[in-house]
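Every chain is numbered from 1 and lettered A, B, ... according to where its sequence line falls, protein lines coming before strand lines.
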Amino acid sequence: MRELARKKGIEVPIEEFLELDRTWRELLTEVEQCRAKLNTVSRQVGELMRSGDRPAADRMRAQASGLKQSIETIEESLRKKDEALRELELQFPNLPHDSVPEGDTEDRNQIVTEWGEKPTLAREPRPHWDIATELQLVDFARGAKVTGSGFLVFTGFGARLQRALINFMLDFQTKQNGYTEVYPPYVVNRKSLVGTGQLPKFQDDLYWLERDNLFLIPTAEVPVTNLHQDEILDGDDLPIRYAAFSGCFRREAGAAGSDTRGLLRVHQFDKVELVKFVRPETSYNELETLREDAESVLRALGLHYRVTLMCTGEMGFSNAKQYDLEVWAPGVEKYLEVSSVSNFTDFQARRANIRYRPGHGERPDFVHTLNASGVALPRLMAALLETYAQRDGSVAVPDALQPYMGCNVIPRP
RNA sequence: GGAGAGAUGGCUGAGUGGUCGAAAGCGCUCCCCUGCUAAGGGAGUAAGUGCCCAAAAGGCGCUUCCCGGGUUCGAAUCCCGGUCUCUCCGCCA
């Protein structure tokens, strides 16, 4: 386990944890024995009172008081140990699966598949911010004025394209891929963020509403996964599959200057998120079908993309295995990450206490959780605009989107 | 934001200091009877968790009647704080 965590570049305090856990168990046994005794003594007091033997009852009472004292002492140290244990536990990352390549740099990531080809463009490549500005789809300047940099105003066909993509993707995931639609809150409490693993490590990346001690969600993963927090699910109901549209809010602390132009890195964006709760033994298969579901959106839109298997050092703290879906944006000549497809195994389930009952009368066990973007909007939109830019400056609308756009071209104004 | 009511097992719902993990009914499971899309009779039926056991079965405990504190030898029951739900008023997209 230590070695596996190290692959992710994280040192884990495992000896300390095991030792603490051992003493915690000892104390628990001890306190429970005391409680058992106290319970019997209390019962005896009741009996003696009823039989009218006051003196004997008083003697028992004194004994019970003593027991109570020692129980309180043990409970106190038990509580401290438990707290320390929990704190240590939160520092443990999820462990990488065997199939994950080892490494801590980008070049250790493996490209698993590519779909389609880089398109031959009707005209010279143009970055989407030029196209979007010219067609009056996005007002960057006013977004910055109203809120600040990294906040966008979609206008006209841009706003409509946004809405079309949302509806298209939701319909696609619910009707074709069988997900249940969910519309979650955009604001969550601390417990939920701890549950999915954003806290305590990544607090700086979140918008915090100090007055109410709540946070804006960085992804719908947080509210949707925590839907089943502290629940025991019926094994027969698994897998549970949700598709959720939501806004996402990310401070992107420390990301200034890199890929921040246009739609590439913004503080607020929309996304359709896919979340699954599955039986543990199925999770790696479910990961593949989840990836397929996320990919299918890009294919339906006719966009060239590739799938990357992230190496141990590059994937998230909570992940056991992670694919990234990157769509080709010919204008900026880059692959843009539009989806991260992850198996969290039991990592989130432990933190959020999400369990299932494998069979009738059996003991509950932790589920495995997975999620994928299906997919994030701004970068998708960037790829669309750059891919479907026409010679005359307009942008063609892919077939799948036409019913939602109500037109087959985004015209010049 | 103000006022009031409530929160009990899969469900309905009793329970105001000890034998209550909790009546009764419904539901569910098994059995009997009946031979038929009915009815009746009987038994069982909350969960979580620690330890023992190779494991299962099982056993010994602990915890749990919204949550957290308190009073008490002992709390579903009394006290304090909170959360949520419902009703009424106010405000509001």
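Applying the side-chain hydrogen bond (donor to acceptor under 3.5 Å, both in side chains) test to pairs two or more places apart or on separate chains, those with a residue in residues 187-197 of chain A are A:N189-A:S192, A:R190-A:N213, A:K191-A:D230, A:T196-A:Q198. Residue pairs that meet the salt bridge (Lys or Arg N to Asp or Glu O under 4.0 Å) test with at least one member in residues 28-44 of chain A, sequence neighbours left out, are A:R35-A:E75. Pairs passing the ring pair (Phe, Tyr, Trp, His ring centres under 6.0 Å) check and including a residue from residues 35-63 of chain A, sequence neighbours excluded, do not occur. The ring pair (Phe, Tyr, Trp, His ring centres under 6.0 Å) contacts involving residues 9-28 of chain A comprise A:F17-A:F92, where partners must be two or more places apart or lie in separate chains. The ring pair (Phe, Tyr, Trp, His ring centres under 6.0 Å) contacts involving residues 66-91 of chain A comprise nothing, where partners must be two or more places apart or lie in separate chains.
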Next on the checklist: Walk me through whether A:S394 and A:D392 qualify under side chain to side chain donor-acceptor pair (under 3.5 Å).
Outcome noted: CA-CA 6 Å; A:S394 68; A:D392 64 2; 2.7 Å; yes

Item to check | side chain to side chain contact (heavy atoms under 4.5 Å, CB included) assessment of A:E386 paired with A:W328 | outcome: CA-CA 9 Å; A:E386 293 178 7; A:W328 175 248; over 6 Å; no

Next on the checklist: Is there a side chain to side chain donor-acceptor pair (under 3.5 Å) between A:N94 and A:S318? Walk through the geometry before answering.
Outcome noted: CA-CA 5 Å; A:N94 201 349; A:S318 315; over 6 Å; no

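Contacts of A:R59 with the nucleic acid, taken as non-hydrogen atoms under 4.0 Å apart, are absent. Using a 4.0 Å heavy-atom distance criterion, A:R43 is classed as making no nucleic acid contact.
For B:rC31 and B:rG17, the C1' atoms lie 41 Å apart once the distance is rounded to whole Å. Distance noted for atom C1' between B:rA75 and B:rC89: 37 Å (whole Å). Nucleotides B:rU45 and B:rA24 are separated by 15 Å at their C1' atoms, to the nearest Å. Taking the P atoms as reference points, B:rG25 lies 15 Å from B:rA14, given to the whole Å. Spacing of P atoms, B:rG10 relative to B:rA5, comes out at 28 Å, to the nearest Å. With P as the reference atom, B:rA38 and B:rU29 are 15 Å apart, rounded to whole Å. Distance check on atom C1': B:rG74 versus B:rG18 gives 6 Å, rounded to whole Å. Here the separation of B:rA23 from B:rU12, taken at their C1' atoms, is 13 Å to the nearest Å.
With sequence neighbours excluded, no residue satisfies side-chain hydrogen bond (donor to acceptor under 3.5 Å, both in side chains) with A:R279.
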Which atom pairs, one a donor and one an acceptor, fall under 3.5 Å between side chains of residues 152-166 of chain A and the rest of the protein, sequence neighbours left out?
from, atom 1, to, atom 2, distance (Å)
A:T155, OG1, A:Q136, O, 2.8
A:R160, NH1, A:M405, O, 2.4
A:Q162, NE2, A:D270, OD2, 2.7

Less than 3.5 Å apart, which donor and acceptor atoms pair up between the side chains of residues 299-308 of chain A and the rest of the protein, not counting sequence neighbours?
from, atom 1, to, atom 2, distance (Å)
A:R299, NH1, A:E295, OE1, 3.2
A:R299, NH1, A:Y305, OH, 3.0
A:R299, NH2, A:E292, OE2, 2.5
A:H304, ND1, A:W115, O, 2.6
A:H304, ND1, A:G116, O, 3.2
A:H304, NE2, A:Y335, OH, 2.8
A:Y305, OH, A:E295, OE1, 2.5
A:R306, NE, A:E326, OE1, 2.8
A:R306, NH2, A:E326, OE1, 3.3
A:T308, OG1, A:E326, OE1, 3.1

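Taking the side chain of A:R61 as heavy atoms from C-beta on, and the options B:rC51, B:rC73, B:rG48, the nearest nucleotide is B:rC73. Closest to the A:M49 side chain, of the nucleotides B:rG18, B:rG48, B:rG50, is B:rG18. Between B:rG48, B:rC51, B:rU49, one nucleotide has an atom nearer to the side chain of A:R363 than all others, and that is B:rU49.
For the pair A:D53 CG and B:rC73 C1', the computed distance is 15 Å after rounding to whole Å. Following rounding to the nearest Å, A:E75 (CD) and B:rG69 (P) show an atom-to-atom distance of 9 Å. Atom CD1 of A:I71 and atom P of B:rU63 are 8 Å apart (whole Å). Across the protein-nucleic acid pair, A:D230 atom CG and B:rU83 atom P stand 18 Å apart, rounded to whole Å. The separation between A:I232 atom CD1 and B:rA46 atom P is 15 Å, rounded to whole Å. Taking atom CG of residue A:L85 and atom P of nucleotide B:rG50, one finds them 13 Å apart after rounding to whole Å. We find that CD of A:E231 is positioned 17 Å from P of B:rA47, with the value rounded to whole Å. The CG atom of A:D21 sits 14 Å away from the C1' atom of B:rU49 (whole-angstrom rounding).
In this structure, the ring of A:H368 has its center no less than 6.0 angstrom from the ring center of A:F344. You'll find the ring centres of A:H228 and A:Y242 inside the 6.0 Å limit.
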Checklist entry - Given pairs defined as Watson-Crick or G-U wobble with both distances under 3.5 Å, what dot-bracket annotation applies to RNA chain B, with ( ) intrastrand, [ ] crossing, | other strand and . unpaired? => result ((((((((.[[[..)..(.....]]]((((((.......))))))(((((((.....))))))).[[[[[..)....]]]]])))))))....

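RNA chain B is contacted by A:R35, A:A36, A:L38, A:N39 of residues 33-41 of chain A, taking any non-hydrogen atom closer than 4.0 Å. Contact check of residues 76-84 of chain A against RNA chain B (heavy atom, cut-off under 4.0 Å) returns no residues at all.
Comparing A:W24 and A:V45 against RNA chain B, the residue whose closest nucleotide sits nearer the 5' end is A:W24. Both A:L28 and A:E32 lie near RNA chain B, and the one whose nearest nucleotide falls closer to the 5' end is A:L28.
Side-chain contact annotation: A:K321 with A:S99, donor-acceptor N/O pair under 3.5 Å present. Side-chain contact annotation: A:E288 with A:Y323, donor-acceptor N/O pair under 3.5 Å present.
A donor-acceptor pair under 3.5 Å is absent between the side-chain atoms of A:T147 and the main chain of A:A144, judged by distance alone.
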Dump the pairs, protein N or O against N or O of nucleotides 91-93 of chain B, anything under 3.5 Å, distances to one decimal.
none

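One finds a side-chain N or O of A:R357 lying less than 4.0 angstrom from the OP1 or OP2 phosphate oxygen of B:rG48. An OP1 or OP2 oxygen of B:rG74 is reached within less than 4.0 angstrom by a side-chain nitrogen or oxygen of A:K68.
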